[in-house]
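Worksheet: one structure, shown below.
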Amino acid sequence: MESRYKSYKYIEDLEKFIGQEVTLQGWVKNKTGKGKLQFIILRDGTGICQCVVYKPNFDEALFEEVKSLTQESSLKVTGTVKKEDRAPGGYEIDVNNIEIIQLAKDYPITPKEHGDAFLIEHRHLWLRSTRQHAIMRIRASVMKAIRDFFDNNGFVIMDSPMLTPNASEGTSTLFETKYFDLGNAYLSQSGQLYGEASAMAMGRIYTFGPAFRAERSKTRKHLTEFWMVEPEMAYFDLNDDMDLAEDLVEYIVQYVLKVNQAELKTLERDISKLENIKRPFYRMSYTEAVDWLVKNNIPLKKKIDGKEVEITPFPWGEDFGTPQEEAIMEQFDKPLIIHRYPTDVKAFYMKPDPENSKVVLAMDMLGPEKAGEIIGGSQREEDYDNLLNKIKQHKLPEEAFQWYLDLRKFGGVPHSGFGLGVERVVKWITGAAHIRETIPFPRMIYRIVP
RNA sequence: UCCCAAGUAGCUCAGUUGGUUAGAGCAUCUGACUGUUAAUCAGAGGGUCGGGGGUUCAAGUCCCUCCUUGGGAGCCA
């Protein structure tokens, strides 16, 4: 016998049922009426559909109940599907029966405007609104595109642990928790080190999951919990790594364009800017980027003794901040990869450039339209002694990295990888104003509810 | 952590140099309406002006303090 759920009908499939009677199950998005004629805008998660209730064709007592329906009340609607250009979505239901499941009372989010704080406090309900719904659908597509891209290109998914015994890059702050009798455990801020071990086993791998950072960042592009995909490839050098990063980003954007036209339209996104996201992207070295900053008189802003000072020309060796990155990106309509950063500003595991030991084989991809940094990656140091020296220089606990050093002791090979921030990419593609709109339940410095 | 801004009805906001009983739109409730789609029209209810302290004959309005929220910086994906 076929499962009952397979007979359920959804708004996204209405075109298949023109002229037929269907039962839709959903919620009242909005209701308008004109006396004997009532219009219910029903949403069921797959779309919206106008349902028309005409009093003379309807049970009188039930019609009074329909008139009192409120926003977000849940109901089952039975009626005949017809094509109707006046209806949002293009289809309409001529209703002959309605079963009210629950009458909502005082739904807080109205069709009118609301403030940021109010909406985020009601995130569990805000997700129902058209705009958030569209962003979540695109997020789902981005995640599917990521998985498809790697799965179809010979990569094996190798999950990294969320609970870890130590920092992967000593500097950032970590969330701490108790772990039985073994002392403290930390929530992972990156799966990379485990990714490297996995790559030595499987060749090409990716790890995909949440990452946690206890940074006190309060900006529109930071979350304390965010999703990151981190491929790691044995025998890939920095150029291979950059090529792969470009292929991935191109694939994600083109996939969303293919399957989310309706959502992009809802969001009023300028599609032409996304259609343009095709390889080749742009590349420049850190040193070339500094030359550009110097030529264009972009200063370094730094705080010295609590006072903000501007330093020109921009000194080689300083890391870029948001002002520098945005200035550079203004000239580009596609992502830009900046590579070969000064050794001192980057992580201990990155491999120095054999042609210039002052820089490491690192790369960051910056998105256009103020998307910011969407990818950070590098070729890793594969030499045992060099890596051990770096761990000592950075004053990291040597014991904690024994297993990581083992990877250089037993068949160490050149290898590379990167991390791509899912929410940053979703923010860029959707044009969302704030990263909190790109994840169902955002975790931020001053908010953990709902 | 640092800098800036804001807290007035369920929501979004207005509220003059301090001065009668603090206002509007939306939402809610009541009524009218056969094509609405942020429906419209008529009526009604709804307030510890973020908390505490102070100045004053008088404070939503001025001062101090605390709390909450938003934006930005640094750090990063």
Side-chain angles (χ1 to χ4, degrees), chain A residues 29-42 48-58 67-68 70-72 84-89 92 94 104-122 129-130 169 171-173 189-192 210-230 245 300-303 305-308 318-325 345-347 364-367 371-377 418-428 433-436 438-439 444-447:
Chain A
K29 181 164 185 59
N30 199 5
K31 185 181 70 82
T32 61
K34 211 170 172 187
K36 292 172 185 154
L37 194 60
Q38 296 290 316
F39 299 93
I40 299 164
I41 308 297
L42 188 81
I48 58 168
C49 175
Q50 177 162 280
C51 304
V52 184
V53 185
Y54 183 42
K55 191 175 182 183
N57 304 342
F58 217 74
K67 274 180 82 169
S68 69
T70 50
Q71 197 188 350
E72 290 305 320
E84 172 58 71
D85 291 336
R86 286 175 293 185
E92 189 173 88
D94 269 334
K105 187 98 179 104
D106 296 327
Y107 185 70
I109 301 178
T110 68
K112 284 269 185 167
E113 57 194 319
H114 296 283
D116 295 334
F118 179 81
L119 288 172
I120 202 69
E121 269 162 31
H122 295 84
S129 69
T130 311
E169 311 171 31
T171 52
S172 298
T173 17
Q189 57 179 341
S190 163
Q192 184 202 312
F212 306 89
R213 300 206 180 159
E215 292 156 358
R216 301 182 84 80
S217 303
K218 216 183 150 205
T219 79
R220 58 177 75 183
K221 52 185 183 187
H222 284 87
L223 293 165
T224 56
E225 177 181 330
F226 65 98
W227 280 67
M228 184 156 66
V229 61
E230 295 171 280
L300 170 72
K301 282 179 191 164
K302 221 182 173 181
K303 260 190 188 163
D305 298 331
K307 274 186 185 171
E308 195 160 283
E318 292 284 340
D319 206 356
F320 301 145
T322 311
Q324 289 83 35
E325 287 181 353
V345 303
K346 288 291 179 183
D364 284 350
M365 187 189 287
L366 308 177
E373 218 173 303
I374 55 177
I375 281 178
F418 61 83
L420 172 139
V422 170
E423 289 77 16
R424 294 248 176 112
V425 170
V426 175
K427 179 175 182 288
W428 166 41
H434 197 294
I435 200 162
R436 66 182 157 224
T438 64
I439 185 167
M444 292 171 298
I445 172 168
Y446 291 130
R447 191 172 295 283

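Here the structure is a predicted model, which means the values were calculated and not measured. Protein chains get the first letters and strands the later ones, always in sequence-line order, with residue 1 at the start of each.
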For residues R213(A) and T224(A), determine if any side-chain heavy atom of one lies less than 4.5 Å from a side-chain heavy atom of the other. no
Does any N or O in the side chain of S217(A) come within less than 3.5 Å of the main-chain N or O of T219(A), such that one atom is a donor and the other an acceptor? no
When you measure only distances, ignoring hydrogens and angles, does the side chain of S217(A) come within 3.5 Å of the base of C75(B) through a donor and an acceptor? yes
To the nearest angstrom, the NZ-C1' distance between K218(A) and C4(B) comes to 10 Å
Would you call the rings of F118(A) and H114(A) parallel, tilted or perpendicular if under 30° counts as parallel and over 60° as perpendicular? parallel
Which dot-bracket string describes RNA chain B (Watson-Crick N1-N3 plus N6-O4 or O6-N4, or G-U N1-O2 and O6-N3, all under 3.5 Å; [ ] crossing; | other strand)? (((((((..((((.....[...)))).(((((.......))))).....(((((..]....))))))))))))....
Calculate the interatomic distance between I120(A) atom CD1 and C11(B) atom C1'; express it in whole Å. 17 Å
Name the nucleic acid region contacted by L223(A), choosing base, sugar-phosphate or nothing; use a 4.0 angstrom heavy-atom cut-off, strictly under. base
Would you give a per-nucleotide map of nucleotides 36-41 of chain B, 5' to 3', where B means the base has a protein non-hydrogen atom under 4.0 Å away, S means only the sugar-phosphate does, and - means neither? BBBB--
In whole Å, measure the gap between the C1' atoms of G50(B) and A6(B) for me. 11 Å
Contacts of type side chain to side chain contact (heavy atoms under 4.5 Å, CB included), residue I445(A), not counting sequence neighbours: R216(A), K218(A)
Look only at the side chain of Q71(A) and the backbone of I109(A), and say whether a donor-acceptor pair between them is shorter than 3.5 Å. yes
Counting only N and O atoms by type, is there a donor-acceptor contact under 3.5 Å from the side chain of E230(A) to the main-chain atoms of G191(A)? yes
Matching residue for D116(A) among R447(A), R220(A), R436(A) - test: salt bridge (charged side-chain N to carboxylate O under 4.0 Å, His left out): R436(A)
Can you tell me the distance, in whole Å, between the CD atom of Q71(A) and the P atom of G10(B)? 18 Å
Take atom P in C49(B) and the same atom in A42(B), then report the distance between them in whole Å. 31 Å
Nearest nucleotide by nearest heavy atom, which residue falls closer to the 5' end of RNA chain B, A117(A) or G321(A)? A117(A)
For a quick test of reading the model: is some side-chain N or O of R436(A) closer than 4.0 Å to OP1 or OP2 of G71(B)? yes
Taking only the side-chain nitrogens and oxygens of R213(A), find out if one of them lies under 4.0 Å from OP1 or OP2 of C76(B). no
Look at the side chain of R216(A) and the base of C2(B), then say whether one donor and one acceptor between them are separated by less than 3.5 Å. no
Which whole number of Å gives the distance between the P atom of U48(B) and that of C26(B)? 23 Å
After noting the C-alpha distance and the side-chain angles of R424(A) and I435(A), does the key distance pass the side-chain contact (heavy atoms from CB on, under 4.5 Å) rule? CA-CA 7 Å; R424(A) 294 248 176 112; I435(A) 200 162; 4.2 Å; yes
Expressed as a whole number of angstroms, how long is the span from I445(A):CD1 to G72(B):P? 14 Å
Whole-Å C1' distance, U61(B) and U56(B): 13 Å
Measuring to OP1 and OP2 of A73(B), would you say a side-chain N or O of T219(A) lies under 4.0 angstrom away? no
Below 4.0 Å: OP1/OP2 of G71(B) and any side-chain N or O of H434(A): yes
Suppose you measure atom C1' in G46(B) against the same atom in A27(B); what distance do you get, rounded to whole Å? 11 Å
I need the CD1-P distance between I374(A) and A77(B), as an integer number of Å. 12 Å
Run the side-chain contact (heavy atoms from CB on, under 4.5 Å) check on T322(A) and K221(A) step by step: do they pass? CA-CA 11 Å; T322(A) 311; K221(A) 52 185 183 187; 3.8 Å; yes
What does Y446(A) touch in the nucleic acid at a heavy-atom separation under 4.0 angstrom: a base, only the sugar-phosphate, or nothing? sugar-phosphate
In whole angstrom, what separates K221(A)'s NZ from A77(B)'s C1'? 10 Å
Do V52(A) and E84(A) pass the side-chain contact (heavy atoms from CB on, under 4.5 Å) test, and can you show the C-alpha distance, the side-chain angles, and the key distance before you say yes or no? CA-CA 11 Å; V52(A) 184; E84(A) 172 58 71; over 6 Å; no
Taking C-beta and beyond as the side chain, do T70(A) and Y107(A) meet within less than 4.5 Å on heavy atoms? no
Between U30(B) and G45(B) - C1' atom distance, rounded Å: 11 Å
From the set A77(B), G35(B), G71(B), return the single nucleotide nearest to any side-chain atom of L37(A). G35(B)
Nearest heavy-atom contact between M228(A) and S190(A) is CE-CA, 4.0 Å
The side chain of D319(A) is closest to which nucleotide in this list: G74(B), C76(B), U28(B)? C76(B)
For the P atoms, the ones on A58(B) and on G53(B), what distance do you get once it is rounded to whole angstrom? 16 Å
With C1' as the reference atom in both, quote the distance from C67(B) to G74(B) in angstrom, rounded to an integer. 26 Å
Upstream residue (5' side of RNA chain B) when I435(A) and R220(A) are each assigned their closest nucleotide: R220(A)
In whole Å, I'd like the distance from the NE2 atom of H222(A) to the C1' atom of G74(B). 9 Å
Whole angstrom value for the distance that separates C1' of U68(B) from CZ of F118(A): 16 Å
